[in-house]
Amino acid sequence: MARRLNPTAPVRLSRVVAVAHAYEPARGLALLDDLNRHYQLDQEPLTRQRERAVCAHLLEMTGEPTSAAARYREAAALRENQVERRYLLGRAHRLG
């Protein structure tokens with residue numbers, strides 16, 4: 001009997017990172033948009049903060065610093081861990 005696997009939200013988000021590294025950041029962003037439309041990774045409790053951080057990093061890599069900074073700030077606002085929050089806000093500040 002064949003089983004069909006249904007990846008979790010964190011696995012889907014990891015796929016975005018893998019695609020971005022294997023191909024190009026723009027392709028990762030396109031996949032992220034598609035997965036958000038179908039699986040709402042940006043709303044899923046396990047991935048909503050990390051989705052924004054991944055998106056910010058990919059936007060930064062594609063030369064969109066203003067959009068990236070905004071996403072880093074969104075990600076920071078969702079973090080309770082102060083070290084992570086400072087790191088994300090530092091990245092946002094560096095971009096402007």
Side-chain angles (χ1 to χ4, degrees):
M1 171 165 80
R3 290 187 179 214
R4 187 166 212 188
L5 298 177
N6 190 16
T8 63
V11 169
R12 287 186 174 108
L13 190 56
S14 293
R15 181 174 165 222
V16 169
V17 173
V19 166
H21 283 284
Y23 300 100
E24 61 183 24
R27 194 159 169 187
L29 282 170
L31 177 59
L32 184 58
D33 286 342
D34 184 57
L35 292 174
N36 276 333
R37 274 194 304 279
H38 291 94
Y39 301 104
Q40 293 80 41
L41 299 181
D42 57 344
Q43 300 302 313
E44 175 71 37
L46 292 174
T47 55
R48 59 185 271 206
Q49 183 275 330
R50 299 248 183 252
E51 181 275 342
R52 285 161 178 82
V54 166
C55 183
H57 183 66
L58 297 179
L59 287 166
E60 182 178 358
M61 292 174 69
T62 59
E64 298 181 48
T66 303
S67 296
R71 285 300 178 119
Y72 280 129
R73 285 186 194 94
E74 288 175 19
L78 295 171
R79 293 308 302 162
E80 291 181 24
N81 181 301
Q82 293 301 314
V83 173
E84 290 181 15
R85 182 178 283 168
R86 278 193 307 270
Y87 171 78
L88 293 165
L89 290 174
R91 299 230 17 187
H93 180 73
R94 183 175 47 85
L95 294 172

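Values reported hereafter were calculated over all heavy atoms of this structure, with side chains retained and with hydrogens, waters and symmetry mates removed. These figures come from a predicted structure and were not determined experimentally.
- No continuous path of hydrophobic side-chain contacts links Leu59 to Leu89 [ILVMFWY only; heavy atoms under 4.5 Å].
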Anything under 3.5 Å between a donor and an acceptor, one on a side chain of residues 23-33, the other on a protein residue two or more places apart or in another chain? List them.
none

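- Taking every heavy atom of both residues into account, Arg71 and Ala56 meet most closely at CB-CB, 3.5 Å.
- In this structure the side chain of Tyr72 never reaches within 4.5 angstrom of the side chain of His93, judged on heavy atoms.
- Tyr39 and Leu78 sit in two unconnected hydrophobic clusters of ILVMFWY residues. Membership requires side-chain heavy atoms under 4.5 Å apart, directly or through other members.
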Just distance, no hydrogens or angles: give the donor-acceptor pairs under 3.5 Å from side chains in residues 41-51, sequence neighbours left out.
from, atom 1, to, atom 2, distance (Å)
Thr47, OG1, Leu41, O, 2.8
Glu51, OE2, Asn36, ND2, 2.9

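- Across all non-hydrogen atoms, the minimal contact from Ala69 to Ala92 is O-CB, 3.5 Å.
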Next on the checklist: Go through it in stages, so that I can follow the logic: the residues are Thr66 and Leu95, the test is side chain to side chain contact (heavy atoms under 4.5 Å, CB included), and I'd like the CA-CA distance, side-chain angles, deciding distance and then a yes or no.
Outcome noted: CA-CA 7 Å; Thr66 303; Leu95 294 172; over 6 Å; no
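- Summarising the geometry of Arg73 relative to Gly96, their closest heavy-atom pair is NH2-O, 3.0 Å, with the distance given to 0.1 Å.
- Taken together through direct or relayed side-chain contacts under 4.5 Å among Ile, Leu, Val, Met, Phe, Trp and Tyr, Leu13 and Leu58 form part of one hydrophobic cluster.
- Remark: side-chain polar atoms of His38 are paired, donor with acceptor, to backbone N or O of Asp34 under 3.5 angstrom.
- Val19 and Met61 end up in the same hydrophobic cluster when Ile, Leu, Val, Met, Phe, Trp and Tyr side chains are linked at under 4.5 Å.
- Among Glu74, Glu84, Glu60, the single residue meeting the salt bridge (Lys or Arg N to Asp or Glu O under 4.0 Å) criterion with Arg91 is Glu60.
- Enclosure of atom CZ in Arg15 is not indicated, since only 12 or fewer non-hydrogen atoms of other residues, nucleotides or ligands lie within 6.0 angstrom.
- Ala75 and Ala53 make their closest contact through CB-N, 3.8 Å (heavy atoms, listed as atom of the first residue, atom of the second, distance).
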